[in-house]
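We name chains A, B, ... by the order of the sequence lines, and we start the count at 1 in each one. Since we're looking at a predicted model, the values are computed, not measured.
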Amino acid sequence: MTSEPQSPARDFIREIIDADLQSGRVRRVITRFPPEPNGYLHIGHAKSICLNFGIAEQYGGECHLRFDDSNPTTEDQEYVEAILRDVRWLGFDVGDRIFYASDYFERLYELAESLVERGHAYVDSSSEEAIRAHRGTVTEAGTPTPHRQRSPEESLALLRRMRAGEFPDGAHVLRARIDLASPNMKMRDPVLYRIRHAHHYRTGDAWCIYPLYDFVHPLSDALESISHSICTLEFENNRELYDWVIEHCDLPARPRQYEFARLNLTYTVMSKRKLLELVAGKHVSGWDDPRMPTLAGLRRRGVTPEALRAFAARIGVSKHNSVVDVALFEHTLREDLNLRSPRVMCVLEPLKITLEDWEPGHEETLDAPYWPADVGKPGSRSLPIDRELYIERSDFSLTPPKGWRRLAPGAAVRLRHAFVIRCERVVTDADGNVSELVCRREPDADADGSKTMGTIHWVSARRGVPLEVRLYDRLFESEAPGADDSDALADLNRESLRRLDAIAEPSLLDAEAGSHWQLERLGFFFVDPVEAEQGRRVLGRVVPLKDSWAKQTEPARPREPGRVKPAAAGRAREPLSEAARALAARHDLSEEDARVLAEQPELQALLQEALTVCQNARSVASWLVNELPARHRGAGAASLPFRGDELGRLVQMLDQSRITAAAAKRALAAMLAGEGTAEEVVRARDLEQTSDEGALGAWVDATLAENADVVARFRAGNENVLGALLGMVMRKAAGKADPQRVRALLGERLRSG
RNA sequence: UCCGGCGUCGUCUAAAGGCAGGACAAGGGACUUUGAAUCCCUGAAUCAUGGUUCGAAUCCAUGCGCCGGAACCA
């Protein structure tokens, strides 16, 4: 209904999935959302849920909700239920696709035994500290503990006794035998199982050894035939281990892990630990405090699942570490709430006014529409009005600033849904504070016909009803609370909650728990469902209205300085190495190319081979360095489907102007795809440069004719589009045209026509 | 310091060698019985330096910056 994405989102993960589907690597897309049941879900999880369930929906696959519950000491059924509630509330049907890693414990254990049997894992009886010490540091390799030598038989026996409960916590662990010298610390014989004599909320006391994440996760994925295991960036280092585990176990499927950037929002915290601090320290009323970024909090705040999903779609998915401006979230919220919130009036901080020309005791009833014209929904309520009213204290000023459109001594203002009044007298109390205004009704327009611009909200003093209103603000004062290792709590916004005894129009008496309202000029509000359970009617503000007046008046929520752009750092380059200098001298190479070739013997070998057929070493080197890697991504020279001499032949053709550089690139791509020798590829694809001036002209004319709009832009002064037109001609010519001649021709036609 | 990842308007995100686009935020205007909504307009970016190319945000090199990694947590 509201702002769902129009077309399915495109992001790098979906591109990978498209490619996998097309190549046939994957037939059915299965994703998973794997929360650990040890805390509450927050808006960052919502991003992940929308991604995983959204992909499943979009590709006609499925998404498993899997509880990653392999740590008995922190997990609890309470969290399982809260998570389930949150996911369903977000609008995703988990159906019967609810899984528990703990259901796989037996199978996992079998796989662990088989790893031990094949020598890929061993039982280490060192202390935790010793293992840590032997792991080395990021710059120094680890060293084996004495137990790394243990035979499979011995380890297996120990592992079985571990399972049987013969040892106390910490006596032994099961470790993978991988590589203690790996530059990736995760690969330095990671621990797979530890002993924990602890009660698990699901498996009870059936186990006293529990597997660790890096073992559980890939295997759970494989057991469930997950096709794409999507996690956040901090697991990038775990992927190598993920792949190792899958390769070394006998599994029915081969899932792959991809990482995306988790959501960060300005003025809030997202980590479980910090959230827990807020709750435990009683800085908020609980996990569902409306100021919390938890789904429970947002739900109670009055944020709708639709708005959350629209937000997730809007922020996109990438690998950039990013912080989304909370203003974007608020915008999405307003967009959603605008269409579902009837408008009513409520005065937060009342100032009494008396209409001196209104007969005392007389009351009238106005019929006021719930919706503004542009929303255009039907429905209205009656609004009582009489001699004494309340208006917002902030809608009156004794000394109005320039541009003030509200009440002031002698000024006129329109009462929403009623009439225009003018302030005749100001009554002050003993302390000199304004205590009341005396006003008179006025005709709709001034004598000169100009309409009264300002409109304020009001409530009948006699018929208004008292109501508790809560105004929420961001929990933290700074954009990045707790940045640079400071304590986030120090940034806490002491005024993030204001409770007000407001006076509302009587129709609000019927407001149901969990209903949305717009209090005109104040914001979107939600009848707090948790308070309602206790029999209290509390209206909490979901988000204020945009207020361009306030922005003018107090343009100051101090904006923190943006990221500092790294300084231009032109440090002197390393001098050419001896080898590179020799190489450059021998073949007359550019310094740049020599530098690269000097460090890559396999490229040098290719160069030597190429030189047997092509004398232009400079050209060959340039192709070796600049073009080959771009088209032969990731793979080394060894996996090339052709030898250096073939590259030499290609460069030779280019050198002799038989083909253009564009054609040579196409040819190279074809050769890399194994389509044949340089000669074969050029012939098969008809890549020889055309010398036919007429053909060139025809391509140019056709392109110009087909792209009148682009031509118009060029003539309007956008010379950049010449490149675009050139590109189109080149494509039409399939690379056979000389770009410089095309450019000249293009310029000629464009300027003469 | 080693390994991995990432550098595009203030923010988020597009552009698969060819017109650097969109949204939020900002500024201005129109309209207005919400200083809302809506509509229009403006300003605003490819980390730096070299190289390859007719043409580079995109390919190559070097440098710089930011994030993550040495739990028997996930």
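Under the stacking definition used here (centres under 5.5 Å, planes under 30°), the residue A:Tyr213 fails to qualify as stacked on the base of B:A74.
Classification of the A:Tyr242-A:His217 ring pair by plane angle, with boundaries at 30° and 60°, yields tilted.
In this structure, A:Arg314 does not reach the B:C24 phosphate: none of its side-chain N or O atoms is under 4.0 Å from OP1 or OP2. Checking the phosphate oxygens (OP1, OP2) of B:U34, no side-chain nitrogen or oxygen of A:Arg334 falls inside 4.0 Å. The side chain of A:Lys451 contributes no N or O atom lying less than 4.0 Å from OP1 or OP2 of B:U32. The side chain of A:Ser590 contributes no N or O atom lying less than 4.0 Å from OP1 or OP2 of B:G51. The phosphate of B:G35 (OP1 or OP2) has a side-chain N or O of A:Arg521 nearer than 4.0 angstrom. A close approach under 4.0 Å does occur between a side-chain nitrogen or oxygen of A:Ser548 and OP1 or OP2 of B:A36. In terms of phosphate contacts, A:Lys546 brings a side-chain nitrogen or oxygen within less than 4.0 Å of OP1 or OP2 of B:A37. Applying the 4.0 Å criterion to OP1 and OP2 of B:U53, one finds that A:Asn626 has every side-chain N and O outside that range. Look at A:His320 and you won't find any side-chain N or O under 4.0 angstrom from OP1 or OP2 of B:C12. One finds no side-chain N or O of A:Arg10 lying less than 4.0 angstrom from the OP1 or OP2 phosphate oxygen of B:G22. Checking the phosphate oxygens (OP1, OP2) of B:A74, a side-chain nitrogen or oxygen of A:Ser70 falls inside 4.0 Å. Regarding contacts with the backbone of B:A74, a side-chain N or O of A:Arg194 is found under 4.0 angstrom from either OP1 or OP2.
Atom P of B:A15 sits at a distance of 15 Å from the matching atom of B:U58, rounded to the whole Å. Rounded to whole Å, the separation between the P atoms of B:U53 and B:G69 comes to 43 Å. B:U46 and B:G7 have their C1' atoms separated by 10 Å, with the value rounded to a whole Å. The gap from the C1' atom of B:A45 to that of B:G22 amounts to 14 Å, rounded to the nearest Å. For the C1' atoms, the distance linking B:G17 with B:G4 amounts to 28 Å, nearest Å. Only the C1' atoms considered, B:A44 is 23 Å distant from B:C6, to the nearest whole Å. Comparing B:A20 with B:A56, their C1' atoms sit 12 Å apart, to the nearest whole Å.
Each of A:Met730 and A:Lys272 was assigned the nucleotide of RNA chain B with the nearest heavy atom; the assignment lying further toward the 5' end belongs to A:Met730. Sequence order on RNA chain B of the closest nucleotides to A:Pro372 and A:Glu129 puts A:Pro372 first from the 5' end.
Listed nucleotides: B:U34, B:G69, B:C72. Nearest to the side chain of A:Arg196: B:C72. The side chain of A:Glu236 lies closest to B:G5 when the candidates are B:G68, B:C19, B:G5. When each of B:C19, B:G35, B:G68 is scored by its nearest atom to the side-chain atoms of A:Arg405, the top-ranked nucleotide is B:G35. Set against B:U53, B:C24, B:C2, the side chain of A:Thr139 has B:C2 as its closest nucleotide. Of the candidates B:C60, B:G18, B:G27, B:G27 carries the atom nearest the A:Lys551 side chain, counting heavy atoms from C-beta on. Closest contact between the side chain of A:Asn237 and the listed nucleotides B:C72, B:A25, B:G68 involves B:G68. You'll find that the side chain of A:Glu592 is closest to B:G50, out of B:C19, B:G50, B:G68. In this structure, of B:U11, B:A61, B:C73, it is B:C73 that holds the atom nearest to the side chain of A:Glu36. The side chain of A:Val324 lies closest to B:C12 when the candidates are B:G55, B:G5, B:C12. Checking B:C24, B:A36, B:A70 against the side-chain heavy atoms of A:Leu328 singles out B:C24 as nearest.
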Check the pair A:Glu335, A:Arg314 against salt bridge (charged side-chain N to carboxylate O under 4.0 Å, His left out), reporting the backbone distance first and the verdict last.
CA-CA 13 Å; A:Glu335 209 169 48; A:Arg314 196 172 285 219; 2.8 Å; yes
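Residue A:Gln518 is in base contact, counting any heavy-atom pair closer than 4.0 Å across all strands shown. As judged by a 4.0 angstrom heavy-atom cut-off over every strand, A:Trp371 is placed among residues making no nucleic acid contact. A:Glu128 comes within 4.0 angstrom of a nucleotide base, judged by non-hydrogen atoms across all strands. A:Ser126 comes within 4.0 angstrom of a nucleotide base, judged by non-hydrogen atoms across all strands. Using a 4.0 Å heavy-atom distance criterion, A:Arg414 is classed as a base contact. Contacts of A:Val173 with the nucleic acid, taken as non-hydrogen atoms under 4.0 Å apart, include base atoms. Among the atoms of the strands shown, only primed sugar atoms or phosphate atoms (P, OP1, OP2) are found under 4.0 Å from some heavy atom of A:Ile315. Using a 4.0 Å heavy-atom cutoff across all strands shown, A:Ser127 reaches at least one base atom of the nucleic acid. Nucleic acid contact for A:Val420: none, since no nucleic acid atom lies under 4.0 Å from a heavy atom of the residue. Note on A:Ser322: only backbone sugar-phosphate atoms sit closer than 4.0 angstrom, heavy atoms only; bases stay farther off.
For the pair A:Arg188 (side chain) and A:Ser182 (backbone), a donor-acceptor distance under 3.5 Å is present.
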